[in-house]
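Here the structure comes first, spelled out in structure tokens, and everything after it is commentary.
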Amino acid sequence: MSPGLNAPQREAIRYLNGPCLVLAGAGSGKTRVITHKIAYLVEDCGFSPANIAAITFTNKAAKEMQERVGGLLGGGKAKGLTVCTFHALGVRIVRQEAKHCGLKPQFSILDSSDTTQIVADVAGDADKAFARTLQWQISSWKNAMIPPEEAVKIAADDIAAAAAKVYGEYERTLRAYQAVDFDDLINLPVRLFAEHDEVRERWQQRLRYLLIDEYQDTNRAQYTLLRLLAGDRGAFTAVGDDDQAIYAWRGADVENLRLLQTDYPKLQVIKLEQNYRSSARILGAANTLIANNEKLFEKKLWSEHGPGDPIRVVGARDPENEAQLVAMRIQAHKFEFGTQFSDYAILYRGNHQARLFEQQLRNHKIPYVISGGQSFFDKAEIRDLISYLRLMLNPDDDLAFIRAITTPRRGVGPSTLEALGAYAGKRHVSLFEAAFEEGVAQHLNAKQLEAVQTFGQFINRLTFRAEREPAGRLLEELLTETHYEAWLMSSCDTREADAKWFNVRDFVEWLGRKGEQDGKNLIELTQTINLISMLDKDDAEFEGVQLATLHASKGLEFKHVFLVGVEEGMLPHQSALDEGNLEEERRLMYVGITRAQRSLTITWCERRKAGADVRVCEASRFIGEMGEGIAMARKDDAPVSQDEGKARLANIKALLAAKGAPG
DNA sequence: AATGTGCCTATTTTT
DNA sequence: TAGGCACATT
């Protein structure tokens with residue numbers, strides 16, 4: 001085993017006598033423990049990599065772990081190792097055992113806008129916002145493994161009652177579409193393993209040792225899946241930190257940490273308390289802040305690092321000013337200390353906050369990378385393309401059918417679809433299938449029938465060719481034959497169309513490359529598309545300031561961190577204040593602070609637009625809860641104009657020139 | 001009946 | 001800011 005590991009880390013790695021829970025504080029080397037434990041299992045204990053699975057919560061974390069294990073084992077010895085998210089593991093299980101789940105192996109995976117759409121359709125009244133609320137309730141039930149019949153009984157309020165009413169029909173619709181939602185990817189394997197001993201045992205044989213990262217963020221269904229996979233032998237190591245639990249809204253329950261002790265009385269609990277990441281001031285502020293939360297496990301993080309820079313708190317006039325100020329500080333700081341842009345991170349509560357920072361970074365010619373956020377796949381043009389792919393894979397996917405046949409416009413509109421839908425409903429077949437049944441001719445006029453069947457044949461042709469031709473070529477063909485670019489140009493103004501076309505090109509090239517790399521055809525690629533993030537591709541090496549939500553930043557570290565928008569109403573978020581979930585917000589702040597290695601700057605805005613009017617904000621209470629290690633804004637930290645900023649930068653340059661420092 | 005136009009509002013966090 | 005929806009247009 002490699003040197004440089006401390007005693008508890010070594011203990012956690014070598015412990016194999018039963019289930020093991022590692023309580024790992026922020027920056028205490030938990031990823032190291034997981035990667036080294038995998039290496040230990042393979043190299044010292046004779047495990048085959050194919051029998052080990054490491055489960056993470058994000059694709060990004062999975063990718064990073066895969067790389068680190070690969071580096072540790074070297075020479076392709078990590079081949080066959082499973083490193084993926086719970087959901088990706090779920091896809092693998094459901095796909096392989098599809099027949100036991102009542103699905104074809106080519107089922108579609110729907111994202112939240114698809115599922116909201118279905119809820120809206122099922123509920124009848126098309127209020128989108130309300131549908132989202134209902135969908136959210138249904139998802140909570142699924143996360144807690146409560147079936148529709150049960151939900152009807154326990155629905156406590158009007159919203160829950162309304163959700164319970166559509167829940168059953170929602171599930172039936174998914175099955176009719178040969179589709180699953182994200183929750184199904186956990187729930188279906190759970191049901192499968194609970195009901196089929198033979199299947200469960202097969203998977204238990206296959207995955208003989210499990211390592212679970214970010215265990216504090218598992219929900220009930222995920223925990224149950226873990227238990228079913230691990231079985232009585234409990235051959236697993238779970239790594240977690242109750243202070244970093246930030247997914248309660250997704251059904252994660254820190255209670256699962258306690259549950260583990262109850263369900264596995266022999267559970268070995270090991271604490272990692274030495275922080276290797278942050279300077280003492282940063283760690284101290286984080287500890288002081290989190291001490292305001294009630295503790296589940298007692299844990300004292302300490303560090304051998306020196307005090308480091310004071311934490312700075314800066315108030316900005318408004319969000320524009322805040323973004324400008326951060327951009328200028330990064331520029332000046334980089335110049336002064338000769339750092340890399342990739343040493344800096346800007347972390348925020350909500351995705352929408354990124355925009356202004358992007359704008360200012362561009363203004364200052366500072367390269368940046370936005371990390372996390374499925375938002376790329378949410379873009380209309382990407383969804384358009386994916387709808388074609390989904391339909392090729394799974395002709396039962398009516399949602400994909402509707403989107404694809406109407407985009408770009410090809411003479412099929414609401415009334416054609418309504419007629420086709422009515423017929424399909426009567427025949428209990430998909431829209432696609434209905435289009436080629438003889439009886440459909442009585443419901444559509446000649447022109448409509450022609451349009452629908454031409455489209456169907458086009459898809460069939462693509463599907464046929466997809467199995468033997470490279471994905472890249474098929475995608476090109478898809479774009480050419482649909483005249484997608486021309487349609488983009490005609491449906492929005494040039495600048496917008498250019499941007500969209502750029503995204504499309506980016507997506508197509510990425511998918512084509514991925515197909516070549518993994519030796520997969522378009523159909524196979526499509527099967528996992530809703531689970532991969534574009535950002536997996538190459539952002540790691542890219543030299544740029546990192547932008548991320550606090551949620552997406554978990555597990556990452558940066559030399560210099562800017563925590564922005566730290567105001568009452570943002571962090572803690574207003575909705576959390578309304579519902580009294582202050583502790584989770586505090587943990588979110590804690591996660592943000594503990595990302596920083598050397599310096600931490602916290603900014604907040606005095607005013608912020610809220611819809612039509614402007615709201616006056618005050619600094620977050622969390623800043624006050626961080627104790628004395630922080631330097632409040634000095635006079636010269638006040639917001640400055642761009643000119644002033646340039647002047648300041650010039651000053652620094654002059655200063656450095658005088659000192660003879662390298663440019 | 002399909003498509004284009006313009007207004008309006010809603011924004012937590014992710015798989 | 002961008003996407004969704006109601007209404008006008010072809």
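Please read these numbers as outputs of a predicted model, since none were measured by experiment.
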> Please give, in whole Å, the distance from B:dT13 P to A:Gln574 CD?
Replying inline: 15 Å
> What integer distance in Å separates A:Ile55:CD1 from B:dT15:C1'?
Replying inline: 13 Å
> Run the salt bridge (charged side-chain N to carboxylate O under 4.0 Å, His left out) check on A:Asp184 and A:Arg175 step by step: do they pass?
Replying inline: CA-CA 11 Å; A:Asp184 285 329; A:Arg175 286 309 95 85; 2.9 Å; yes
>> Of the listed nucleotides (C:dG3, B:dT14, B:dT15), which one gets closest to any side-chain atom of A:Lys500?
In response: C:dG3
> Quick one: salt bridge (Lys or Arg N to Asp or Glu O under 4.0 Å) pairs with a partner in residues 561-573 of chain A, sequence neighbours left out?
Replying inline: A:Glu567-A:Arg608, A:Glu568-A:Arg621
> Can A:Arg220 and A:Asp253 be counted as an ion pair, charged N to O under 4.0 angstrom?
Replying inline: no
>> Given the structure, check if the side chain of A:Arg250 and the base of B:dT14 hold any donor-acceptor pair shorter than 3.5 Å.
In response: yes
> Between A:Gly411 and A:Trp249, which is nearer to the 5' end of DNA chain B once each is assigned its nearest nucleotide?
Replying inline: A:Gly411
>> Within the 4.0 Å heavy-atom criterion, would you say A:Arg383 contacts the bases, only the backbone, or no part of the nucleic acid?
In response: nothing
> Under the salt bridge (Lys or Arg N to Asp or Glu O under 4.0 Å) rule, what pairs show up with a residue in residues 406-422 of chain A, not counting sequence neighbours?
Replying inline: none
>> I need the NZ-C1' distance between A:Lys379 and C:dT1, as an integer number of Å.
In response: 11 Å
> Given atom CD of A:Gln353 and atom C1' of B:dT13, what is their separation to the nearest angstrom?
Replying inline: 11 Å
>> Below the 4.0 Å mark, does B:dT11 have OP1 or OP2 next to a side-chain nitrogen or oxygen of A:Arg132?
In response: yes
> Which nucleotide sits closest to the side chain of A:Asn351: B:dT15, B:dT14, C:dT1?
Replying inline: B:dT14
>> What is the distance, to the nearest angstrom, from the CD1 atom on A:Ile405 to the C1' atom on B:dT3?
In response: 16 Å
> Within this structure, what is the CG-to-P distance between A:Leu556 and B:dT14, rounded to whole angstrom?
Replying inline: 13 Å
>> Using OP1 and OP2 only, check whether a side-chain N or O of A:Thr416 sits under 4.0 Å from B:dA2.
In response: yes
>> Assess, by modelled atom type and distance only, whether the side chains of A:Tyr368 and A:Gln546 contain a donor and an acceptor separated by less than 3.5 Å.
In response: no
> Does a side-chain N or O from A:Arg409 land closer than 4.0 Å to OP1 or OP2 of B:dT3, or not?
Replying inline: yes
>> Would you say A:Ser415 places a side-chain N or O within less than 4.0 Å of OP1 or OP2 belonging to B:dA2?
In response: yes
> How close or far is atom P of C:dG4 from atom CG of A:Asp114, stated in whole angstroms?
Replying inline: 12 Å
>> If you only use heavy atoms from C-beta on, which nucleotide in B:dT3, B:dT15, C:dA2 is closest to the side chain of A:Pro414?
In response: B:dT3
> Side chains of A:Trp203 and A:Glu97: is there a donor and an acceptor less than 3.5 Å apart?
Replying inline: yes
> Which sits closer to the 5' end of DNA chain B, A:Leu417 or A:His573, going by the nucleotide each is nearest to?
Replying inline: A:Leu417
>> Does B:dT14 have OP1 or OP2 under 4.0 Å away from a side-chain N or O of A:Thr58?
In response: no
> The side chain of A:Arg355 lies closest to which of these nucleotides: B:dT15, C:dT1, C:dC5?
Replying inline: C:dT1
>> Please pick, from B:dT15, C:dC5, B:dT13, the nucleotide with the shortest atom-to-atom distance to any side-chain atom of A:Thr549.
In response: B:dT13
> In whole angstroms, how far is the C1' atom of B:dT15 from the CG atom of A:Asp378?
Replying inline: 12 Å
>> Of the options C:dA2, B:dT15, B:dT14, whose atoms approach the side-chain atoms of A:Thr85 most closely?
In response: B:dT15
>> Base, sugar-phosphate or nothing for A:Phe86? Non-hydrogen atoms, less than 4.0 Å.
In response: nothing
